[in-house]
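Before any comments, here is the structure.
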Amino acid sequence: MHHAVSSQDGNLFIESTPLSAIASQFGTPCYVYSKAALSNNFLAYQSALADKEHLICYAVKANSNIAVLQTLAELGAGFDIVSIGELERVLRAGGDPAKVVFSGVAKTASEMQRALELGIHCFNVESEAELELLNRTAASCGAIAAVSLRVNPDVDAQTHPYISTGLKENKFGVDINLAAQVYQHAAQMAHIKVIGVDCHIGSQLVDIAPFVAALERLLALVDELAGLGITLQHIDIGGGLGVRYENEEPPSPQSYMSAILPLLADRNEILVLEPGRSITANAGVMLTQVQYLKSNGEKNFAIVDAAMNDMIRPALYQAWMDIQPISAGNSGSAVAESAVYDVVGPVCETGDFLAKNRSLAICAGDYLCLMSAGAYGFVMSSNYNSRPRAPEVMVDGDQVHLVRRRETIEDLLSGESLLPAAVR
Ligand SMILES: *Cc1c(COP(=O)(O)O)cnc(C)c1O
């Protein structure tokens with residue numbers, strides 16, 4: 001995967017722009033993305049699939065900034081959405097609804113209506129009850145809904161339990177052993193057109209074997225369905241390819257695809273993918289500034305201006321993320337000695353940390369760069385502790401574009417109101 005950050009004499013750059021320039025122009029905390037890294041990560045999938053009819057549907061939830069979606073739409077990407085909000089973002093970004101697949105366990109009738117009206121490619125249906133609601137909703141709109149059934153192949157993705165989705169115990173999809181029955185039911189519905197099958201077994205997978213196991217189970221189902229007279233046009237194997245945060249060695253899209261494609265040789269189904277993290281994680285970083293250094297004799301704390309509300313991955317999944325000073329000299333005046341720090345934020349929670357036990361030579365005022373923050377970063381941020389959300393910046397060579405401004409206190413309070421004055 002293409003990494004957004006490079007180092008020259010200890011000074012960090014994103015493309016040809018120094019991170020120090022971005023920190024001083026936009027303040028901290030601040031998310032920064034590289035347009036080239038985003039594009040290259042998408043193109044890696046595209047070129048690995050040059051010889052196979054395919055549709056790459058970027059998983060919008062990983063990073064839904066409309067400039068990110070625009071960059072990918074211009075390269076021909078489709079999109080995997082999980083809400084109508086994400087679909088409206090895709091439209092705003094110039095994405096093609098005909099290349100959208102709609103995932104998620106709890107789609108509402110009004111979400112279905114809007115998606116039908118826009119003519120999305122496919123609904124990835126996760127239960128029989130959803131299928132029935134979709135059939136009724138399509139009938140009331142006078143539409144036919146194209147459907148893929150999300151099956152749960154019962155494969156262990158060997159990843160963190162919170163991001164493992166393909167086991168029987170998970171809430172996602174239909175048990176693969178019950179799927180044929182559901183397909184037969186679907187095939188009889190007047191406003192449903194069965195076109196595919198999909199699965200998504202988890203996120204941050206660093207091994208190819210679970211992907212292969214899941215696809216083998218899907219193919220057995222597709223063949224069983226063909227025997228029942230139900231022919232599918234596409235096979236969607238979801239997203240989930242991992243990235244390097246620390247020392248993981250995930251396969252490249254190229255080697256992932258070279259393990260998958262032989263299984264699809266001599267088959268006509270279109271291959272659909274839903275990569276999220278592997279496109280955006282290493283295309284982005286988050287900048288933060290050290291406010292205070294503090295020691296209690298046993299532990300050193302670097303208290304920074306970014307918190308779990310800005311980046312929740314360490315707090316939520318015990319995720320390890322690299323963190324580095326953005327310049328060798330940094331604040332300049334004082335000469336920092338290296339020490340081992342917990343890097344913590346201002347939020348009133350013990351779980352509020354970005355990194356633990358890191359050797360850093362830093363002073364108050366220095367800027368730090370949290371690496372690999374382009375996926376599941378800004379999108380999971382909140383206003384907890386009434387903290388306005390950070391801005392997002394897209395770097396394109398030496399050009400720097402603000403693609404979401406920092407929230408203001410006014411933004412924070414808009415939408416709230418006081419109770420009316422008491423009537424006496
Ligand atoms: C989250 C998700 C993805 C993307 O997963 P990544 O690990 O970010 O690649 C794809 N498909 C579905 C259905 C998802 O829920």
Side-chain angles (χ1 to χ4, degrees), residues 1 38 41-42 44-45 48 55-65 68-69 72 77-83 85-87 90 99-107 115 120-127 130 147-153 155 157-167 170-174 196-208 210-211 214-215 218 234-245 248 250-253 256-257 260 271-284 313 316-317 319 372-380:
M1 291 284 97
L38 271 176
N41 290 340
F42 178 79
Y45 277 100
L55 178 61
I56 305 163
C57 293
Y58 165 68
V60 174
K61 74 175 193 276
N63 183 327
S64 58
N65 184 284
V68 169
L69 304 184
L72 298 174
F79 296 94
D80 169 41
I81 59 158
V82 293
S83 72
E86 288 189 349
L87 182 52
V90 168
K99 291 184 185 173
V100 165
V101 299
F102 192 171
S103 300
V105 291
K107 301 173 196 81
I120 65 163
H121 178 61
C122 186
F123 289 85
N124 290 350
V125 168
E126 302 222 14
S127 66
E130 180 191 336
V147 156
S148 151
L149 197 65
R150 175 168 178 179
V151 300
N152 184 334
V155 165
Q158 309 266 328
T159 186
H160 188 282
Y162 286 11
I163 50 176
S164 185
T165 53
L167 282 171
N170 301 127
K171 69 178 176 184
F172 301 99
V174 171
V197 64
D198 66 284
C199 72
H200 171 72
I201 57 175
S203 198
Q204 185 53 16
L205 274 73
V206 291
D207 217 349
I208 292 180
F211 287 121
L215 178 56
L218 251 53
H234 80 236
I235 298 176
D236 176 350
I237 57 174
L241 186 63
V243 301
R244 172 176 289 200
Y245 287 104
E248 303 89 335
S252 64
Y256 172 28
M257 286 307 118
I260 290 295
L271 177 63
V272 180
L273 297 177
E274 303 169 352
R277 188 191 307 272
S278 52
I279 301 218
T280 52
N282 279 325
R313 299 188 62 259
L316 185 61
Y317 317 117
S372 312
Y376 305 105
F378 181 87
V379 285
M380 293 179 99

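Ligands are counted one by one from 1 in listed order, and the atoms in each one are counted from 1 as well.
Using a 4.0 Å heavy-atom cutoff, F172 is absent from the residues neighbouring ligand 1. Between G238 and ligand 1 there is no heavy-atom distance shorter than 4.0 Å. Contact analysis puts P275 in contact with ligand 1, with a non-hydrogen atom separation below 4.0 angstrom.
Side-chain contact of S148 with D198: a donor-acceptor pair under 3.5 Å is present, judged by distance alone.
Here is the list of ligand 1 atoms found below 4.0 Å of a heavy atom in D80: 10 (C), 11 (N), 12 (C), 13 (C). Each of the atoms 1 (C), 4 (C), 5 (O), 6 (P), 8 (O) of ligand 1 lies under 4.0 Å from some heavy atom of Y376. Per-residue contacts place A59 under 4.0 angstrom from the following atoms of ligand 1 (heavy atoms of the residue considered): 3 (C), 4 (C), 10 (C). Below 4.0 Å from some heavy atom of R277 lie the following atoms of ligand 1, by number and element: 6 (P), 8 (O), 9 (O). Ligand 1 places these atoms under 4.0 Å from at least one heavy atom of G239: 9 (O), 10 (C). Each of the following atoms of ligand 1 lies closer than 4.0 Å to a heavy atom of S103: 13 (C). If you number the atoms of ligand 1 from 1 as listed, the ones under 4.0 Å from a heavy atom of R150 come out as 13 (C).
Scanning the protein for heavy atoms near atom 5 (O) of ligand 1, the closest one is H200 CE1, 3.3 Å. Given atom 10 (C) of ligand 1, the protein heavy atom at minimum distance is E274 O, 3.2 Å. Nearest to atom 15 (O) of ligand 1 among the protein's heavy atoms is K61 NZ, 2.7 Å. Here the protein heavy atom with the shortest distance to atom 7 (O) of ligand 1 is S203 OG, 2.3 Å.
Side-chain atoms of T280 never come within 3.5 Å of backbone atoms of A283 as a donor-acceptor pair (strictly under, hydrogens ignored). Of the possible polar contacts, none joining the H121 side chain to the V101 backbone as a donor-acceptor pair under 3.5 Å is found. Under the 3.5 Å distance criterion, the side-chain polar atoms of R150 are left unmatched by any main-chain donor or acceptor of F172. At distances below 3.5 Å, not a single donor-acceptor pair connects side-chain atoms of E274 with backbone N or O atoms of I237. Using a distance-only test at 3.5 Å, with no hydrogens or angles considered, a donor-acceptor pair links the side chain of N63 to the main chain of G374.
Contact annotation for D198 and ligand 1: no heavy atom of the residue comes within less than 4.0 Å of the ligand.
Aromatic ring orientation, F211 versus Y256: tilted (interplanar angle from 30° to 60°).
Contact of the L241 side chain with the Y45 side chain is registered, since non-hydrogen atoms from C-beta on lie closer than 4.5 Å.
Listed by chain and number, the residues in a salt bridge (Lys or Arg N to Asp or Glu O under 4.0 Å) with E130 are K107 (sequence neighbours excluded).
Each of D80, V90, L87 was checked for a side chain to side chain contact (heavy atoms under 4.5 Å, CB included) with V60, and the lone residue meeting it is V90.
By the 3.5 Å distance cut-off applied to N or O atoms, V82 is not counted among the residues near ligand 1.
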